[in-house]
Enquirer: 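This structure is in structure tokens; I'll ask about it shortly.
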Amino acid sequence: FSTEAIAGVATGAIAHGVLVADLMHLPFVYVRSEPKGHGLENQVEGYLNPGQKVVVIEDLISTGSSSIRAVEALRKQGAEVLGMVAIFTYGFALARENFRKAACTLYTLSDYDALLQVAAEKSFISSGQLQILRTWRQSPETWMQ
């Protein structure tokens with residue numbers, strides 16, 4: 001597949017997406033979390049041709065819900081979303097399931113496991129703290145309840 005445009009998810013990934021688009025000499029669009037409430041009420045800002053192949057740039061993946069909304073908005077505009085590239089993910093099972101359901105491939109530069117590994121290797125966290133952080137990741141929604 002040949003990427004024809006880059007989309008950044010507002011607002012955290014707009015700058016990263018612009019940099020990628022510039023380096024690749026590709027057009028850039030960004031996707032708001034919801035359509036504007038005035039004017040043209042756009043959710044996707046910028047110009048996309050129907051069928052254009054787009055890679056979406058995101059900064060952080062937690063549950064993946066907002067990221068998938070951006071993918072769906074692009075698809076609604078007629079884009080063919082090739083996948084998403086994110087800087088970081090917590091690696092939650094819910095996010096993996098959300099991306100699977102949306103049929104969107106996710107690539108990340110780093111993740112929670114890598115962060116913990118480096119933090120432990122550099123002695124930024126103790127072995128006890130490492131266990132606590134791993135336990136948190138198993139069920140953050142019920143942590144400390």
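Quick note: numbers below take in every heavy atom, side chains included, and nothing from hydrogens, waters or symmetry partners. The first residue of the sequence shown is numbered 1, and numbering continues consecutively from there.
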Enquirer: How close do I125 and Q129 get, heavy atom to heavy atom, and via which atoms?
Expert: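 Here I125 and Q129 meet closest at CA-OE1, 3.2 Å.
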Enquirer: Give the cluster check for L116 versus V118: same hydrophobic cluster or not, with ILVMFWY residues linked at side-chain heavy-atom distances below 4.5 Å.
Expert: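 Different clusters.
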Enquirer: Verify the cluster assignment for L130 and I132: are they in a single hydrophobic cluster under the rule of side-chain heavy atoms below 4.5 Å apart?
Expert: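 Hydrophobic grouping puts L130 with I132.
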Enquirer: Would a single hydrophobic cluster contain both V55 and L19, if residues Ile, Leu, Val, Met, Phe, Trp and Tyr are joined by side-chain heavy-atom contacts under 4.5 Å?
Expert: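 Different clusters: L19 never reaches V55 through Ile, Leu, Val, Met, Phe, Trp or Tyr contacts under 4.5 Å.
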Enquirer: Mind checking the CD-CG spacing from E141 to L94? Nearest 0.5 Å is all I need.
Expert: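 Rounded to the nearest 0.5 Å, the CD-CG separation comes out at 8.0 Å.
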Enquirer: Which pair of non-hydrogen atoms, one from E58 and one from S66, has the smallest distance, and what is that distance?
Expert: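 Minimum heavy-atom separation between E58 and S66: OE2-OG, 4.3 Å.
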Enquirer: Taking all non-hydrogen atoms of both residues, which atom of A95 and which atom of G64 are closest, and how far apart?
Expert: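 That closest heavy-atom pairing would be CB-N, 4.2 Å.
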Enquirer: Going by side-chain heavy atoms closer than 4.5 Å, which hydrophobic residues are tied to I61, directly or by a chain of links?
Expert: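 When side chains under 4.5 Å apart are linked, the cluster holding I61 also contains V9, V29, V31, V44, L48, V54, V56, I68, V71, L74, V81, M84, F99, L106.
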Enquirer: Would you compute the distance between atom CZ of F28 and atom CD1 of I6 and round it to the nearest 0.5 angstrom?
Expert: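 The CD1 atom of I6 is 9.0 Å from CZ of F28, to the nearest 0.5 Å.
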Enquirer: Remaining members of Y47's ILVMFWY cluster at a side-chain heavy-atom cut-off under 4.5 Å?
Expert: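 The other cluster members (ILVMFWY side chains, heavy atoms under 4.5 Å, direct or chained): none.
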Enquirer: Which residue pairs satisfy the side-chain hydrogen bond (donor to acceptor under 3.5 Å, both in side chains) criterion with at least one member in residues 86-98, sequence neighbours excluded?
Expert: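 Residue pairs with at least one partner in residues 86-98: E97-R100.
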Enquirer: Answer with yes or no whether the hydrophobic clustering places L26 together with V18; edges join I, L, V, M, F, W, Y residues whose side-chain heavy atoms lie under 4.5 Å apart.
Expert: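 Yes, same cluster.
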Enquirer: Does Y30 form a side-chain contact (heavy atoms from CB on, under 4.5 Å) with T11? I'd like the steps, not just the answer.
Expert: CA-CA 9 Å; Y30 71 91; T11 61; over 6 Å; no
Enquirer: How long is the span from the OG1 atom in T3 to the CD atom in Q52, to the nearest 0.5 Å?
Expert: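 Atom-to-atom, T3:OG1 and Q52:CD are 10.5 Å apart.
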Enquirer: Can you tell me how far the CD1 atom of I87 sits from the CD1 atom of I57, to the nearest 0.5 Å?
Expert: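 These two atoms lie 8.5 Å from each other.
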Enquirer: Distance from K53 atom NZ to E80 atom CD, nearest 0.5 Å?
Expert: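 Interatomic distance, K53 NZ to E80 CD, rounded to 0.5 Å: 5.0 Å.
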Enquirer: How long is the span from the CG atom in L109 to the CZ atom in F88, to the nearest 0.5 Å?
Expert: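 It is 11.0 Å, given to the nearest 0.5 Å.
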Enquirer: Can you say whether the rings of W136 and Y112 are parallel (under 30°), tilted (30 to 60°) or perpendicular (over 60°)?
Expert: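 Because their plane-to-plane angle lies in the 30° to 60° range, the rings of W136 and Y112 count as tilted.
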Enquirer: Which pair of heavy atoms, one from A21 and one from P27, lies closest together, and at what distance?
Expert: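 Scanning both residues completely, I find the closest heavy atoms to be CB-O, 4.1 Å.
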